[in-house]
K.L.:
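The structure is given below, and queries will be raised subsequently.
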Amino acid sequence: MAGLLIAGTLAGVLAPAPAAQARDTSPRPAACPEGLPDGAACWTGTDANGAHYAIAVPARWNGGLVVHAHGGPDLGDASDPRRSVEDLGRWRVMVDQGYAWAGSSYRRGGYGTRMAAADTENVRRLFVEEFGEPRRTYVHGQSWGGNVAAKVVETYAPEGGPYDGALLTNGVLGGASRGYDHRVDLRVVYQYYCANLPRPEEKQYPLWQGLRRGSTLTTAGLRARLQECTGYASPPGERTALQQRNLDDILNVTKIPERTLESHLRFSVFTFRDIVHERLGGRNPFSNRGVRYTGSHDDKALNAGVERFAADPAAVRDLSYDSDLTGRVAIPVLTLHAKDDPTAFVEHEAAYRDTLRGAHRDRWLVQTFTGEHEHSALSDAEYAVSLAALDRWARTGRRPTPRSVAAACPAFDRVYATGCFHDPGYRPASYASRVRPRPGGTSWPAMTAAQEKAWSRVPGVGIAP
């Protein structure tokens, strides 16, 4: 039946559409990324908002669809046609498991969680228009895409709606109003020790801007300044004593792993610039008032000398409305997170757990953890077993447990040989244990459903698409 269904569906897609139906947004047959299962068919296209997308359907389609939300955010001005195709290649395991796959590159680069969620929902609708209604539909997001997918769940997935479940992997689930506080801290602590971003002789700007508008600093230039101050790219024996002390102080105070120091700093410079200048009209959504920094060789001097600033309440509201989560969930959500994720710290899961608990929706959540040490990709066997556990939950109502997911993983690993690293007894500490909370910033959700409803009536609220 599955074979006949897919054959008929594909024939309909490849046949010329009636003139009245023809439109530029229709998918066009395209070469599949390397590694997709034999017989898979792929399409690409551009939706009505200018977002590029990619679609794949396996030869033995099980009738299900995975709608993917990619991470980032990328900072280009326009939609990147390569992004959705590259992500299809990265998560080909889902196609290998028999699911159709659809992912959007989003209509533009730059920050905008609701925009990305809308574009993710748009590619689902486009799939339905062209291929028919899937038997089951799951949304998947990794990294910032986890935030996007979680926003899809809250915005487009009421009980009985088009989505049957969500898989969030290594997700940034603390939202934006608190989820980037560690990068705010990195930005000011780095400048205290390094004083080269900006240098004293360069045009000055408040550090919450990330970087002044119009700056020509490149990522290579940023790396050079970081190297100058800390010697991070050199073997320890080749660093000066001052470089080593600067590096130790920055890492100890911010709790950021050395191997991702440069990427976190890059976000606190270039993505903060995008958020402030391009999305919030130059307003400041960040604060470090009331934060006491510890862990350096001289905490008293650090706290006396570090730059301090308070956020603009309207900017906080707009960033929170765009990206924070209310916990208003009505479908099964399964998360998978590496305990040693150096980019989206595992404590984001504690924030999400407390968010759903605060909204009295934690019955819809199952969280699983692995002993892996990376952010961008986890074991294919773990993705496969997670999707299978979510599918069974959605179909039967039987809620999985971290232990049952772990026990089922070896069967998938016999196919993928990528390892099963689950730790079913693990429970992450609170978000505040990893990221210094701002005054009043320890209760969850960060944005309640009532706040979201009230703010939705404010003209121009949030971040424009």
K.L.:
Is any side-chain heavy atom of I256 closer than 4.5 Å to a side-chain heavy atom of F345?
P.N.:
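Of all side-chain heavy-atom pairs linking F345 with I256, at least one is under 4.5 Å.
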K.L.:
Give the C-alpha distance, both sets of side-chain angles, the deciding distance and a yes or no for side chain to side chain donor-acceptor pair (under 3.5 Å) between H422 and T368.
P.N.:
CA-CA 7 Å; H422 292 91; T368 64; 4.8 Å; no
K.L.:
Indicate yes or no: at least one non-hydrogen side-chain atom of P33 is less than 4.5 angstrom from one of R92.
P.N.:
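When only atoms from C-beta onward are counted, R92 and P33 do not touch, as no gap falls below 4.5 Å.
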K.L.:
Please name the pair of heavy atoms, one in R434 and one in K255, separated by the smallest distance, quoted to 0.1 Å.
P.N.:
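Closest pair (atom of R434, atom of K255, distance): NH2-O, 3.2 Å.
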K.L.:
S456 versus Y321: any side-chain heavy-atom pair under 4.5 Å?
P.N.:
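Yes, close enough: below the 4.5 Å cut-off.
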K.L.:
One pair to check against side-chain contact (heavy atoms from CB on, under 4.5 Å): Y138 and M94. What are the steps and the verdict?
P.N.:
CA-CA 11 Å; Y138 303 113; M94 297 178 179; over 6 Å; no
K.L.:
Between R259 and E374, does the salt bridge (charged side-chain N to carboxylate O under 4.0 Å, His left out) criterion hold? Intermediate values first, please.
P.N.:
CA-CA 10 Å; R259 60 197 170 108; E374 298 302 324; 3.6 Å; yes
K.L.:
Kindly say whether the aromatic ring centers of H182 and F267 come within a distance under 6.0 Å.
P.N.:
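Aromatic pair excluded; centres sit 6.0 Å or further apart.
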K.L.:
Do R83's NZ or CZ and the ring of Y106 fall within the cation-pi criteria of under 6.0 Å and 45°?
P.N.:
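No - R83 does not lie over the ring of Y106 by the 6.0 Å and 45° rule.
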K.L.:
Does the R60 side chain pair with the main chain of G39, one donor and one acceptor, at a distance under 3.5 Å?
P.N.:
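Checked: no pair found.
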K.L.:
Assess whether a salt bridge exists between E129 and R125, defined as any Lys/Arg side-chain N lying under 4.0 Å from an Asp/Glu carboxylate O.
P.N.:
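Answer for the salt bridge query: no.
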K.L.:
Check whether any side-chain heavy atom of T46 sits under 4.5 Å from a side-chain heavy atom of T25, and report yes or no.
P.N.:
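No - every pair of side-chain heavy atoms lies 4.5 Å or more apart.
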K.L.:
Before we go on, tell me: are the rings of F272 and F286 under 6.0 Å apart, centre to centre?
P.N.:
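Centroid distance F272-F286: below 6.0 Å, so yes.
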K.L.:
Please collect all side-chain hydrogen bond (donor to acceptor under 3.5 Å, both in side chains) contacts where either partner lies in residues 146-160, sequence neighbours excluded, each pair once.
P.N.:
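Those involving residues 146-160 are E154-T326.
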K.L.:
As an exercise, state the distance from CG of N170 to CG of L378, rounded to the nearest 0.5 Å.
P.N.:
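Between atom CG of N170 and atom CG of L378 there are 4.5 Å.
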K.L.:
Under a 4.0 Å threshold between the charged nitrogen and the carboxylate oxygen, would D181 count as salt-bridged to R178?
P.N.:
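Looking at D181 together with R178, the answer is no, because their closest N to O distance does not fall below 4.0 Å.
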K.L.:
For W61 and F127, take the angle between the two ring planes, folded into 0 to 90°, and tell me which bin it lands in: parallel under 30, tilted 30 to 60, perpendicular over 60.
P.N.:
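Plane angle over 60°, so perpendicular.
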K.L.:
Regarding D380 and T418, do their side chains bring together a donor and an acceptor under 3.5 Å, going by distance alone?
P.N.:
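No donor-acceptor contact under 3.5 Å links the two side chains.
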K.L.:
From D324 CG over to M447 CE, what is the distance, rounded to the nearest 0.5 angstrom?
P.N.:
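Between atom CG of D324 and atom CE of M447 there are 6.0 Å.
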K.L.:
Please check: side-chain N/O of T260 versus main-chain N/O of S263, any donor-acceptor pairing under 3.5 Å?
P.N.:
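Looks like no, no N/O pair under 3.5 Å.
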K.L.:
Which of these, T335, D341, D340, sits in a side-chain contact (heavy atoms from CB on, under 4.5 Å) with H337?
P.N.:
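The passing option is D341.
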K.L.:
Testing the 3.5 Å rule here: is there a donor-acceptor pair between the side chains of E349 and Y426?
P.N.:
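The answer is no; no qualifying pair exists.
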K.L.:
Which heavy atom of N62 sits nearest to which heavy atom of R135, and what is that distance?
P.N.:
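That closest heavy-atom pairing would be O-NH1, 3.2 Å.
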K.L.:
Which residue is it: R353, H348, K339? I am looking for the one with a side-chain contact (heavy atoms from CB on, under 4.5 Å) to P428.
P.N.:
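So the option named by the test is R353.
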K.L.:
Testing the basics here: between G112 and I463, what is the closest heavy-atom pair and its distance to 0.1 Å?
P.N.:
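For G112 versus I463, the nearest heavy atoms are CA-CG2, 4.3 Å.
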K.L.:
Between the main-chain N or O of R395 and the side-chain N or O of R398, is there a donor-acceptor pair closer than 3.5 Å?
P.N.:
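No: the side chain of R398 does not pair with the backbone of R395.
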K.L.:
Begin from the C-alpha positions of H70 and S84 and carry the test side-chain contact (heavy atoms from CB on, under 4.5 Å) through to its verdict.
P.N.:
CA-CA 8 Å; H70 79 68; S84 54; over 6 Å; no
K.L.:
What's the shortest heavy-atom distance between V57 and A100, and which atoms?
P.N.:
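So the two residues come closest at CG2-CB, 4.1 Å.
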K.L.:
Is it possible for you to check whether R124 lies under 6.0 Å from the centre of the six-membered ring of Y163, through NZ or CZ, and within 45° of that ring's axis?
P.N.:
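The answer is yes, since R124 meets both limits relative to Y163.
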K.L.:
How many angstroms lie between CZ in R82 and OG1 in T44, if you round to the nearest 0.5 Å?
P.N.:
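One gets 14.0 Å once the value is rounded to the nearest 0.5 Å.
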K.L.:
Show, in sequence, the C-alpha distance, side-chain angles and deciding distance for W364 and V153, and conclude whether the side-chain contact (heavy atoms from CB on, under 4.5 Å) test is met.
P.N.:
CA-CA 11 Å; W364 293 111; V153 170; over 6 Å; no
K.L.:
State, to 0.1 Å, how close F421 and E382 come at their nearest heavy-atom pair, and which atoms those are.
P.N.:
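Of all heavy-atom pairs spanning F421 and E382, the closest is N-OE2, 2.9 Å.
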K.L.:
Indicate yes or no for a side-chain donor-acceptor contact from D164 to the backbone of D391 under 3.5 Å, with no hydrogens or angles considered.
P.N.:
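No: the side chain of D164 does not pair with the backbone of D391.
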K.L.:
Please determine if R266 and E262 form a salt bridge, counting it only when a charged side-chain N lies under 4.0 Å from a carboxylate O.
P.N.:
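Between E262 and R266 there is a salt bridge, with a charged N closer than 4.0 Å to a carboxylate O.
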K.L.:
Spell out, as yes or no, whether a donor-acceptor pair under 3.5 Å connects the side chain of R399 to the backbone of L365.
P.N.:
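Indeed, once roles are kept as given, a pair shorter than 3.5 Å links the two residues.
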K.L.:
With rounding to the nearest 0.5 angstrom, report the OG1 to CG distance, T271 to L211.
P.N.:
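Rounded to the nearest 0.5 Å, the OG1-CG separation comes to 11.0 Å.
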K.L.:
V269 and side-chain contact (heavy atoms from CB on, under 4.5 Å): which single residue from R183, R187, R225 fits?
P.N.:
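Of R183, R187, R225, side-chain contact (heavy atoms from CB on, under 4.5 Å) with V269 is met by R187 alone.
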K.L.:
Just by distance, with hydrogens left out, do Y53 and D47 show a side-chain donor and acceptor under 3.5 Å apart?
P.N.:
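Note: Y53 and D47 side chains miss the donor-acceptor criterion.
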K.L.:
Counting C-beta onward and ignoring hydrogens, is there a side-chain heavy-atom pair between L36 and L88 closer than 4.5 Å?
P.N.:
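L36 vs L88: side chains touch.
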K.L.:
Give a yes or no on this: more than 12 heavy atoms of other residues, nucleotides or ligands lie within 6.0 Å of atom CZ of R403.
P.N.:
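It does not: R403 CZ has 12 such atoms or fewer within range.
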K.L.:
So, does S320 use its side chain to make a donor-acceptor pair with the main chain of S177 at under 3.5 Å?
P.N.:
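Judged by distance alone, no pair lies under 3.5 Å.
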K.L.:
Is the closest basic N to carboxylate O distance between E278 and R213 below 4.0 Å?
P.N.:
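A salt bridge links E278 with R213.
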K.L.:
What do the steps show when you test D119 against R108 for salt bridge (charged side-chain N to carboxylate O under 4.0 Å, His left out), and what is the final call?
P.N.:
CA-CA 10 Å; D119 290 341; R108 62 159 173 79; over 6 Å; no
K.L.:
Going by atom types only, do H68 and D87 share a side-chain donor-acceptor pair under 3.5 Å?
P.N.:
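The criterion, which ignores hydrogens and geometry beyond distance, is satisfied for D87 and H68.
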K.L.:
Could you check whether R279 makes a cation-pi contact with Y111, meaning its NZ or CZ is under 6.0 Å from the centre of the six-membered ring and within 45° of the ring axis?
P.N.:
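No, R279 does not lie over the aromatic ring of Y111.
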K.L.:
With a 6.0 Å cut-off (strictly less than), is the heavy-atom count around CZ of R392, excluding the residue itself, greater than 12?
P.N.:
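Check fails, neighbour count at 12 or below.
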K.L.:
Tell me the closest heavy-atom pair linking L325 and Y352, and the distance in Å.
P.N.:
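Residues L325 and Y352, closest heavy atoms: CD1-CE1, 3.7 Å.
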K.L.:
Would T169 and H140 satisfy side chain to side chain donor-acceptor pair (under 3.5 Å), going step by step from the backbone distance to the final call?
P.N.:
CA-CA 8 Å; T169 56; H140 168 249; 2.9 Å; yes
K.L.:
State the CG-CG distance between L222 and L217, to the nearest 0.5 angstrom.
P.N.:
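Going from the CG atom of L222 to the CG atom of L217 covers 6.0 Å.
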